[in-house]
Undergrad: 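Okay, here's the structure, questions in a sec.
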Number of protein chains: 4
Amino acid sequence: MTSKRPSAAGQASVSQETVFQAALRCFYVHGYDGASMRDIAKAGGVTPAAIYHYYSSKQDLLMDIISRFMQRSIDTTRSAISDAGDDPAEQLFAAARSHVLWNASDVVSSFVVNSEIRSLEPHNRQRNIAQRDELQRMFDAVVESGAAEGVFATPWPREASRAVVTMCTAVAGWYKAAGPLSPGEIADRYGHMSLSLVGSGTQVQP
Amino acid sequence: MTSKRPSAAGQASVSQETVFQAALRCFYVHGYDGASMRDIAKAGGVTPAAIYHYYSSKQDLLMDIISRFMQRSIDTTRSAISDAGDDPAEQLFAAARSHVLWNASDVVSSFVVNSEIRSLEPHNRQRNIAQRDELQRMFDAVVESGAAEGVFATPWPREASRAVVTMCTAVAGWYKAAGPLSPGEIADRYGHMSLSLVGSGTQVQP
Amino acid sequence: MTSKRPSAAGQASVSQETVFQAALRCFYVHGYDGASMRDIAKAGGVTPAAIYHYYSSKQDLLMDIISRFMQRSIDTTRSAISDAGDDPAEQLFAAARSHVLWNASDVVSSFVVNSEIRSLEPHNRQRNIAQRDELQRMFDAVVESGAAEGVFATPWPREASRAVVTMCTAVAGWYKAAGPLSPGEIADRYGHMSLSLVGSGTQVQP
Amino acid sequence: MTSKRPSAAGQASVSQETVFQAALRCFYVHGYDGASMRDIAKAGGVTPAAIYHYYSSKQDLLMDIISRFMQRSIDTTRSAISDAGDDPAEQLFAAARSHVLWNASDVVSSFVVNSEIRSLEPHNRQRNIAQRDELQRMFDAVVESGAAEGVFATPWPREASRAVVTMCTAVAGWYKAAGPLSPGEIADRYGHMSLSLVGSGTQVQP
DNA sequence: AATGAATGAGGGTTCATTCAT
DNA sequence: AATGAATGAACCCTCATTCAT
């Protein structure tokens, strides 16, 4: 049963957003099973029972967190590609760059989204897989078109595409705001490494 | 504190190995917090209390699983590198290849090891970080020596090295024995992609 | 840490009082370690989990029982002494008498309080010792003033004072409501015996 | 079922004595229910299972500890009285004195014996009550004979006798070997206080 | 919108005890 | 005489969730 929450669409109440953020932080620190509804309530400054005004269950909370983030990942990537013109190399560079930036901009969400998929119940997991596939397919399309045009030399476009998404997503696992590199610098480097990975001969010289 | 188990060394009893495997499978399916000691006991065909003959706690079980796997990851990689001769390109190819093979050969362990680090208590996490660093440093050394010798063109050896390990490890996240590619084929491709990533001009043509 | 219970002060809820009484009885019959939370819950007609609405732990329950009783012991004794005028003999008689009456009036609490001190965790035990000292010191002051004024002949006021408190407290260990003597009669006799113990020459003839 | 141990009579094996002492200490520190058989085994340097060679159960261990101590309390008191001649005052002085000495000489046993009676199962508790009565009756006899002869002025020989035993036994609850008074000095004082308690006019001047 | 009280199920862990060796 | 392995029951406590108010 889905909650009475207005989902990604309508304006969520202030309290709901508070609960959402509290849950996100708790799942990040303790994991889905390790975080209790009491923990979340305390972190959000509300009563455990109050959470059930916005979410029908703990699972519902997790699903909201994951699906919202994934949808924005998709939207962000789509925009980056469509703004990059027609050159597959420019498109891949832009897609990788934006994916790194997006994940580095919210490492907490990114980590939860990528580590708690297992905690989704079958029905929700299915929807999640669809979103992940949608994201992956955008990268696949870019790499495959580059391979078809001959600008990417890789003989395995599918593996390369998967590796690109994987390594860009993983940035959230180690990125620290206090590190020596800015998110933009890291994103640039991953853009170039992605081009290397697919065997692009026309990659912009760093 | 730690159990009477002979650790990675001596011959563990049959029952202990049974418990170990049962715990591994349960952690894989339900996660550390999601798996109960009763689940593990049932999966191993023993009593919950019997587990405590071999492991002092649930945490002790997780630590054994993780540290054993990490140690073998280190040993495997070290052997691969030292058997590969003096050429950094050959070394990186061999290291990436063996790392993919190792993780694909035991996706269950690999997944648990790479997703339950958060569940380690501070003391154990510290030891785990040391092992992860040891593994990463072996790849770093290869990439850096290649960069110093001029056989790797990458301007960012450190990021490239991290990306290589990341993407090879992640193979366990999607590899299925029933897939179209054999582990050896996948490993080969990742070997080559790793060389691309570091800008190797001397990579063997696939 | 400590529960939300209003302690000795405010009005405790009916359910909390029920739990308190159930725990008291269980500790009396089985001892602290021998009584289980399930026993207590059953005795109070509630669920085990419900107990944790009022008390944060089994230890918290014990501490509430002990500290409440001790505080009333102190208050009772203080009143008795201050109502007894200036004569140390009258004061000691009154103090011993009221202490016997108090302990005989609630042998269950008295027994638990005096036999489960060991079960207190260090922090709580410390607070308990302070209360016991406060009670003992009131008797000490009376005996010492009597010795100083020469109305008590005992050469060892400190030992005598301790013996008085000991023997009066111990009444709870054997007093039975069905016995041949009323609490008042027993209290009178212990008042006189206390005067004997300190070598009072002016004790009222029984 | 009683154990195969040779009871208080025959020569106990060295190991059994070790187990006995370990149990005594554990019961002293943690209480009967609070001490586990594993605790006792560890304290005695043996295996939990080994304990069952000497004692049939945990309860059997407690009973052995309590009944041995009580029997010696009785024997000690009987000797003291019979060695004291015919004067009830001398007898009471000697009995109180020896009882204090005995309890102060083994505060650990004394504490366990006097605080774990509740932990005895019905059958064993009955036997314990018989021993306690036997001890009390020896004091009663002395006080009553003194009252009959007119050398003790107390109008309540029974209460006085109980108070004497109580306060002497309780010495074990606070006596510390490092204290300012030697056991002998404390015993003397309690002997004199006992005479005061029964209203003896012929008590030896301290 | 929000709460405090309550629940039944289950959490990790320890228990006294047994038994084949 | 002594052990290591094992058990079934029970331990204290916390869980997600409900519901009258």
Side-chain angles (χ1 to χ4, degrees), chain A residues 1 4 13-16 19 32-41 44-61, chain B residues 4 13-16 19 30 32-41 44-62, chain C residues 4 13-16 19 32-41 44-61, chain D residues 4 13-16 18-19 32-41 44-61:
Chain A
M1 157 195 322
K4 52 190 101 167
S13 79
V14 175
S15 285
Q16 175 177 358
V19 168
Y32 177 73
D33 281 303
S36 74
M37 292 297 267
R38 266 179 185 72
D39 290 339
I40 295 170
V46 301
T47 312
I51 299 179
Y52 290 87
H53 277 285
Y54 306 109
Y55 293 95
S56 67
S57 67
K58 192 182 176 186
Q59 171 76 198
D60 191 26
L61 250 174
Chain B
K4 56 191 108 164
S13 82
V14 175
S15 287
Q16 176 177 356
V19 168
H30 304 106
Y32 178 74
D33 281 303
S36 76
M37 293 298 269
R38 280 170 180 80
D39 290 339
I40 295 170
V46 300
T47 304
I51 299 178
Y52 290 87
H53 278 287
Y54 305 106
Y55 293 95
S56 66
S57 65
K58 192 184 179 186
Q59 171 77 194
D60 192 24
L61 250 173
L62 176 63
Chain C
K4 53 191 110 166
S13 80
V14 174
S15 287
Q16 176 177 357
V19 168
Y32 178 74
D33 281 304
S36 75
M37 292 299 267
R38 277 172 181 78
D39 291 339
I40 296 169
V46 299
T47 305
I51 299 178
Y52 290 88
H53 279 287
Y54 305 105
Y55 293 95
S56 66
S57 66
K58 192 183 177 184
Q59 172 75 196
D60 191 25
L61 250 173
Chain D
K4 51 191 104 167
S13 80
V14 174
S15 286
Q16 176 178 357
T18 302
V19 168
Y32 178 74
D33 282 302
S36 74
M37 292 297 267
R38 266 178 185 73
D39 290 339
I40 295 169
V46 300
T47 312
I51 299 178
Y52 289 87
H53 279 284
Y54 305 108
Y55 294 95
S56 67
S57 66
K58 193 182 177 186
Q59 172 75 197
D60 190 25
L61 251 172

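Per chain, numbering begins at 1; letters A, B, ... match sequence-line order. Because the structure is predicted, anything quoted here is derived from the model rather than measured.
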Undergrad: Do the side chain of T47(B) and the main chain of A50(B) share a donor and acceptor less than 3.5 angstrom apart?
TA: no

Undergrad: Can you tell me the distance, in whole Å, between the CG atom of L61(C) and the P atom of dC12(F)?
TA: 11 Å

Undergrad: Side-chain contact, heavy-atom cut-off 4.5 Å: I40(B) with V46(B)?
TA: no

Undergrad: Can you tell me how far CD1 of I51(A) sits from CD of Q16(A), rounded to the nearest 0.5 angstrom?
TA: 11.5 Å

Undergrad: I'd like to know if the side chain of Y32(A) reaches the main chain of G34(B), judged simply by a donor and an acceptor atom lying under 3.5 Å from each other, with no hydrogens or angles considered.
TA: no

Undergrad: Please, what dot-bracket string fits DNA chain F when only Watson-Crick and G-U pairs with both distances under 3.5 Å count, crossing ones use [ ] and pairs to another strand use |?
TA: .||||||||||||||||||||

Undergrad: Looking at CG of D33(D) and NZ of K58(D), how far apart are the two atoms once the value is rounded to the nearest 0.5 Å?
TA: 5.5 Å

Undergrad: Need to verify one output field. Residue with the more 5' nearest nucleotide on DNA chain E, Y32(D) or G45(C)?
TA: G45(C)

Undergrad: Nearest whole angstrom, please: distance from the P of dA6(E) to the OH of Y55(C).
TA: 13 Å

Undergrad: To the nearest Å, how far apart are H53(A) NE2 and dC19(F) P?
TA: 13 Å

Undergrad: Less than 4.0 angstrom between a side-chain N/O of S13(A) and OP1 or OP2 of dA1(E), yes or no?
TA: no

Undergrad: Examine the side chains of S36(A) and D39(A) and answer whether a donor and an acceptor come within less than 3.5 Å of each other.
TA: yes

Undergrad: Round to the nearest Å and state the distance from I40(D) atom CD1 to dA16(E) atom P.
TA: 8 Å

Undergrad: Between A41(D) and P48(D), what is the shortest heavy-atom contact and its length?
TA: CB-N, 3.5 Å

Undergrad: What residues form a side chain to side chain contact (heavy atoms under 4.5 Å, CB included) with T18(D), not counting sequence neighbours?
TA: V14(D)

Undergrad: Report, one pair per line, the protein and nucleotides 13-15 of chain E atoms (nitrogen or oxygen only) whose separation is under 3.5 Å.
TA:
residue : atom : partner : partner atom : Å
dT13(E) : OP2  : Y52(B)  : OH           : 2.7
dT13(E) : OP2  : K58(B)  : N            : 3.0
dT13(E) : O5'  : Y52(B)  : OH           : 3.1

